[in-house]
Amino acid sequence: MTEATPEPSAHRTPALAPEDLEALDDLLDELRTRLDETPQWEFCDGFLTALVCSRRAIPQAEYLSMLLGDGENIDLPEGDALPLLPMFADAEQQARFLALWQRRWDEVTLALDTPVEALDDPRTLEPEVMDVRGALLALPEADRPPLDDEEIPSFAQVWALGFMFAVENWPEDWAPPREREHAQWLDDALDSIVALTEDDTAQASINMYSEDGAPSVSETRVELFGEAIWAVYDLRQLWKSLGPRVETVRKAPEPGRNDPCWCGSGKKFKKCHGA
């Protein structure tokens, strides 16, 4: 593609630095002391990416409760400021989390709206994914905990689960378009992400955590990960091109000319409102 890279808008915030990601992990750890089902940041990042791609702009009050709370929708009139949400300890903690969340949101949006041709382009979307197995294998053998395949997620698996969690919780916003070509486009893109929700069962040959680490990820998995990134671009483009869903207005059928009029007058329709 030859289009120029869009310049960051005046309101766009800086991308997250390593210390910001560490701060997010700390915030989520604190939330987890009160709600043990609070997800890891990798899951949150997949969830956030799906929201950026969603056909409808889902309000914060709606999606934060689904991600970090009990899933109950927070009834907030349009235009009102977000109140202190129950999952946060105080307003300061909520503001800190939302500020970091917005920076990642802007970062993902900019990446998806920037035309790129290759995954090694530095402007390409970089999902926040982990090679947990690779990190464990990179530890000295004496410090390495026992590896249980059933408990260790595969590379990018948690991110993909977070993405699909958003898709599954707002099915109307991800319903297939009427046009067959667009519906196939949607299915193919989602299939690429769903593939990452499965375990990596192929022969490991790469360590994504350390170049010197023992193999922890298969080449097949790396290829699937690349396909999933392009799929996210496809989803963003698909919904932007189609625009918001338009609700079909269905007109109630009129009664026959000799049927009783709908107004209850007792007259035939042709002699009442059908005259």
Side-chain angles (χ1 to χ4, degrees), residues 1-31 38-54 57-60 63-64 67-68 82 88 92-132 134-135 153 155-167 189 192-193 196 208-211 217 222 225-237 239-240:
M1 300 180 185
T2 58
E3 300 174 44
T5 303
E7 292 293 330
S9 61
H11 72 276
R12 199 175 290 279
T13 49
L16 295 180
E19 57 269 24
D20 298 317
L21 295 173
E22 185 176 349
L24 274 166
D25 282 335
D26 291 342
L27 282 167
L28 292 171
D29 285 344
E30 200 287 324
L31 266 59
T38 301
Q40 299 291 333
W41 173 244
E42 182 177 349
F43 185 97
C44 294
D45 190 66
F47 183 87
L48 180 153
T49 304
L51 292 174
V52 171
C53 294
S54 177
I58 300 173
Q60 268 191 344
Y63 69 69
L64 285 174
L67 177 65
L68 301 176
L82 195 67
F88 295 104
E92 182 180 357
Q93 185 185 62
Q94 176 171 303
R96 177 62 174 153
F97 178 85
L98 292 180
L100 293 169
W101 178 272
Q102 186 62 52
R103 286 172 61 185
R104 179 56 179 167
W105 185 288
D106 288 347
E107 187 179 1
V108 171
T109 302
L110 177 61
L112 294 180
D113 290 345
T114 299
V116 294
E117 293 183 335
L119 293 178
D120 59 2
D121 187 321
R123 303 169 299 171
T124 304
L125 172 69
E126 294 185 16
E128 296 288 346
V129 296
M130 292 184 62
D131 178 12
V132 178
F155 175 66
Q157 187 174 31
V158 175
W159 180 90
L161 289 169
F163 192 105
M164 294 308 302
F165 181 72
V167 173
S192 293
I193 296 171
L196 284 183
M208 301 296 288
Y209 178 81
S210 169
E211 292 183 359
V217 179
V222 176
F225 180 55
E227 291 171 5
I229 293 176
W230 289 128
V232 174
Y233 277 88
D234 287 343
L235 291 168
R236 173 73 169 172
Q237 183 178 348
W239 292 138
K240 283 184 68 176

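Being a predicted model, the structure only gives us computed values, none of them experimental.
- Going from atom CG of Asp26 over to atom CZ of Phe97 covers 13.0 Å, rounded to the nearest 0.5 Å.
- Between atom CZ of residue Arg104 and atom OG1 of residue Thr49 there is a gap of 6.0 Å, rounded to the nearest 0.5 Å.
- Counting heavy atoms from C-beta outward, Phe43 and Leu67 have side chains that approach closer than 4.5 Å.
- From Asp29, atom CG reaches atom CG of Leu24 across 11.0 Å, with rounding to the nearest 0.5 Å.
- Without hydrogens or angle criteria, Thr124 side chain to Asp120 main chain gives no donor-acceptor distance under 3.5 Å.
- At distances below 3.5 Å, at least one donor-acceptor pair connects side-chain atoms of Arg103 with backbone N or O atoms of Pro14.
- The backbone N or O of Ala17 lies less than 3.5 Å from a partner atom in the side chain of Asp20, making a donor-acceptor pair.
- Residue Ser192 comes nearest to Ala228 through the heavy atom pair O-CB, 3.9 Å, listed as atom of the first residue, atom of the second, then distance.
- At most 12 non-hydrogen atoms from other residues, nucleotides or ligands lie less than 6.0 angstrom from CD of Glu92.
- A 4.5 Å side-chain heavy-atom check between Gln94 and Leu82 finds at least one atom pair inside the cut-off.
- With Glu107 as the partner, the side chain to side chain contact (heavy atoms under 4.5 Å, CB included) test is satisfied by one option alone out of Leu48, Leu16, Leu112: Leu16.
- Remark: Met208 engages Asp131, Phe155, Ile206, Val217, Val222 in a side chain to side chain contact (heavy atoms under 4.5 Å, CB included) (not counting sequence neighbours).
- Shortest non-hydrogen contact noted between Trp239 and Ser54 is CD1-C, 3.9 Å.
- Leu196 places none of its side-chain heavy atoms less than 4.5 Å from the side chain of Phe163.
- Under the 4.5 Å side-chain criterion, counting only non-hydrogen atoms from C-beta, Leu68 is in contact with Leu28.
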Worksheet item: Would Trp41 and Asp25 count as a side chain to side chain donor-acceptor pair (under 3.5 Å) if you check the C-alpha gap in whole Å, the side-chain angles of each, and the deciding distance to 0.1 Å?
Response: CA-CA 6 Å; Trp41 173 244; Asp25 282 335; over 6 Å; no
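- Using a distance-only test at 3.5 Å, with no hydrogens or angles considered, no donor-acceptor pair links the side chain of Arg236 to the main chain of Asp113.
- For the atom pair Gln40 CD and Glu128 CD, the distance stands at 13.0 Å (nearest 0.5 Å).
- Within the 4.5 Å cutoff, the side chain of Leu64 has heavy atoms near those of the Leu98 side chain.
- Judged by distance alone, with hydrogens and angles left aside, the side-chain atoms of Glu42 form a donor-acceptor pair with the main-chain N or O of Trp159 at under 3.5 Å.
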Discussion item. Is there a side chain to side chain contact (heavy atoms under 4.5 Å, CB included) between Leu100 and Leu27? Walk through the geometry before answering.
Written reply: CA-CA 10 Å; Leu100 293 169; Leu27 282 167; 4.1 Å; yes
Worksheet item: Do Leu110 and Arg123 pass the side chain to side chain contact (heavy atoms under 4.5 Å, CB included) test, and can you show the C-alpha distance, the side-chain angles, and the key distance before you say yes or no?
Response: CA-CA 9 Å; Leu110 177 61; Arg123 303 169 299 171; over 6 Å; no
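- Rounding to the nearest 0.5 Å gives a distance of 5.5 Å between CD of Gln157 and CG of Leu161.
- No side-chain heavy atom of Ile193 sits under 4.5 Å from any side-chain heavy atom of Val167.
- A 6.0 Å sphere centred on CD of Glu126 holds no more than 12 heavy atoms belonging to other residues, nucleotides or ligands.
- Nearest heavy-atom pair, Trp101 versus Cys44, reported as atom, atom and distance to 0.1 Å: CH2-O, 4.0 Å.
- Taking all atoms of both residues into account, the shortest heavy-atom contact from Ala156 to Phe225 is CB-CD1, 3.8 Å.
- To the nearest 0.5 Å, atoms OH (Tyr209) and CE (Met130) are separated by 8.0 Å.
- Between the side chain of Tyr233 and the backbone N or O of Ala111 there is at least one donor-acceptor pair closer than 3.5 Å.
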